[in-house]
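Below: the structure, in structure tokens.
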2 protein chains.
Amino acid sequence: MEMPQTQLILESDASESSLTALETGVIDLFVNGVRVLGLPKSIGEIYGLLYISPEPLSFDEILSRLQISKGSTSQGLKILRSLGAVRAVYVAGARRDYFVAETELKKLVGGFIREELSPHLDSGTERLESIQSHLPDASEPDAQFFKDRVGKLGTWHKRTELLLPIIRKFLT
Amino acid sequence: MEMPQTQLILESDASESSLTALETGVIDLFVNGVRVLGLPKSIGEIYGLLYISPEPLSFDEILSRLQISKGSTSQGLKILRSLGAVRAVYVAGARRDYFVAETELKKLVGGFIREELSPHLDSGTERLESIQSHLPDASEPDAQFFKDRVGKLGTWHKRTELLLPIIRKFLT
DNA sequence: GGGTGAGTTCAAGAAATATTGAACAGAATA
DNA sequence: TATTCTGTTCAATATTTCTTGAACTCACCC
């Protein structure tokens, strides 16, 4: 709802974490981006940092540069991986995992549709069926109105299902 | 002196509000729908009720059938009107306002894009400009990498701007 | 086995959002 | 003008969602 123009301000005692202005700007952009998508801020921070990082980053580097907790880092990376937005890469002789951002828009959009939108559409299908079973008998007053409106819901639903592949294709 | 017959009006519990199964189902669908869009539940409830109502409903009818507060009702209707999803209709000789749902998908999508998405895209434009101003000098190591990634952000942004009209058109 | 490094889990606390209701404002009646 | 009817505003409260950090698991090394 609302749009709090959050400007990511660098902590003043940030002597420690020190993100560059470029990094801060990119992270800020993604933090605001994921907001629109309904994802938590930490997801945007992590993705933003990886996006603008020339090298793969380890779990600890992410955590300490962003100054977020282990829990958020772990949870955030998990979700980003499930979205296909972040990938673990092999680094020779390293024990830890290293992560890089996936930057193919098609893949990002595909992951978001698969993980976040499609499940909702599916639950919508069930709800719609339930609604249809509650349509009043044709003899009831307004029966036609109800039938029309419920029918329109079905049309919207189908249209939305058709729209998703189009979006994916367009963003290729 | 006669005491007025004080009828204890038992207000509250479902005996009073009683939504039909059909209404409940439709409201449920919209409540879950607006969730995906990042709008509050009450918005979904109000729109759902109006959507499946054969007659325009007054402020008080909405409030009492949904059992939500005056504040939520007022605020919800305000937002729905700003989105173009609800319209006040004239009812002869009535003092109150009466409301109906707008059911043209194109209009709904257009309103959402205009009110919720475009402002974010605009703020993205500003943020992008700020980022570009922080690109390191070409002599810096990784300068090309940064330039590429920031360039890609610009491409994504433009593509998204192009996508919105396509979505609107498709959902006509 | 015992110790250490790396990451996950999840209950509790913090932060962000939504809802409520009482005070208010304006318009239509009386 | 006073009164009632309608709806709005907004500070306080409730609810939801995110983040934290301590306890835990698992794998590796000594």
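Basis for what follows: all heavy atoms, side chains included, without hydrogens, waters or symmetry-related copies. Quantities reported herein were computed from a predicted structural model and do not represent experimental measurements. Just so we're on the same page: letters track the sequence lines, and every chain starts at 1.
To the nearest 0.5 angstrom, A:Leu19 atom CG is 11.5 Å from A:Asp28 atom CG. Atom-to-atom distance recorded for A:Thr24:OG1 and B:His134:NE2 is 8.5 Å, nearest 0.5 angstrom. Atom CD of A:Glu55 sits about 9.5 Å away from atom CD of A:Glu61, to the nearest 0.5 Å. In this structure, the separation between OG1 on B:Thr103 and OH on B:Tyr51 is 6.0 Å, given to the nearest 0.5 Å. One finds the CG atom of A:Asp60 at 8.0 Å from the NZ atom of A:Lys70 (value rounded to the nearest 0.5 Å). From A:Phe170, atom CZ reaches atom CG of B:Leu163 across 5.5 Å, with rounding to the nearest 0.5 Å.
Within the structure, a side-chain polar atom (N or O) of B:Ser72 is placed less than 4.0 Å from OP1 or OP2 of C:dT20.
One interatomic measurement links the two molecules: CZ of B:Phe59 to C1' of D:dC5, which rounds to 12 Å at whole-angstrom precision. Rounding to whole angstrom units, CD1 of residue A:Ile46 and P of D:dT19 are separated by 9 Å. Between the CG atom of A:Asp60 and the C1' atom of C:dG5 there is a distance of 9 Å, rounded to whole Å. Taking atom CD1 of residue A:Ile68 and atom P of nucleotide C:dA15, one finds them 16 Å apart after rounding to whole Å. Counting to the nearest Å, the P atom of D:dT20 and the CD1 atom of A:Ile43 are 13 Å from each other. When rounded to the nearest whole Å, the span between CG of B:Leu66 and P of C:dA18 equals 17 Å. Rounded to an integer number of Å, the gap from A:Asp97 CG to D:dC26 P is 17 Å. Put simply, CD1 on A:Ile62 is 12 Å from C1' on C:dG7, counting in whole angstrom units.
Judged by distance alone, the side chain of A:Arg149 and the main-chain N or O of A:Phe145 form no donor-acceptor pair under 3.5 Å. With A:Ser72 contributing its side chain and A:Ser42 its backbone, the two residues share no donor-acceptor pair below 3.5 Å. In this structure a side-chain-to-backbone donor-acceptor pair under 3.5 Å is missing from B:Arg159 to B:Thr155. The closest donor-acceptor contact from the side chain of A:Ser130 to the backbone of A:Glu126 lies at 3.5 Å or more, if one exists at all.
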Each nucleotide in nucleotides 22-30 of chain C should get exactly one letter: B, S or -. Can you fill that in based on protein heavy atoms under 4.0 Å? -B---BB--

What are the atom names and distances for every N/O pair under 3.5 Å that joins the protein to nucleotides 15-18 of chain D?
from   : atom 1 : to      : atom 2 : distance (Å)
D:dT17 : OP1    : B:Arg35 : NH2    : 3.1

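Of the candidates D:dG21, D:dT6, C:dG21, D:dG21 carries the atom nearest the A:Ser69 side chain, counting heavy atoms from C-beta on.
Annotation for A:Lys147: atom NZ does not count as buried by contact number, only 12 or fewer foreign heavy atoms lying within 6.0 Å.
Of the residues in residues 77-87 of chain A, those lying under 4.0 Å from DNA chain C by heavy-atom distance are A:Lys78, A:Arg81.
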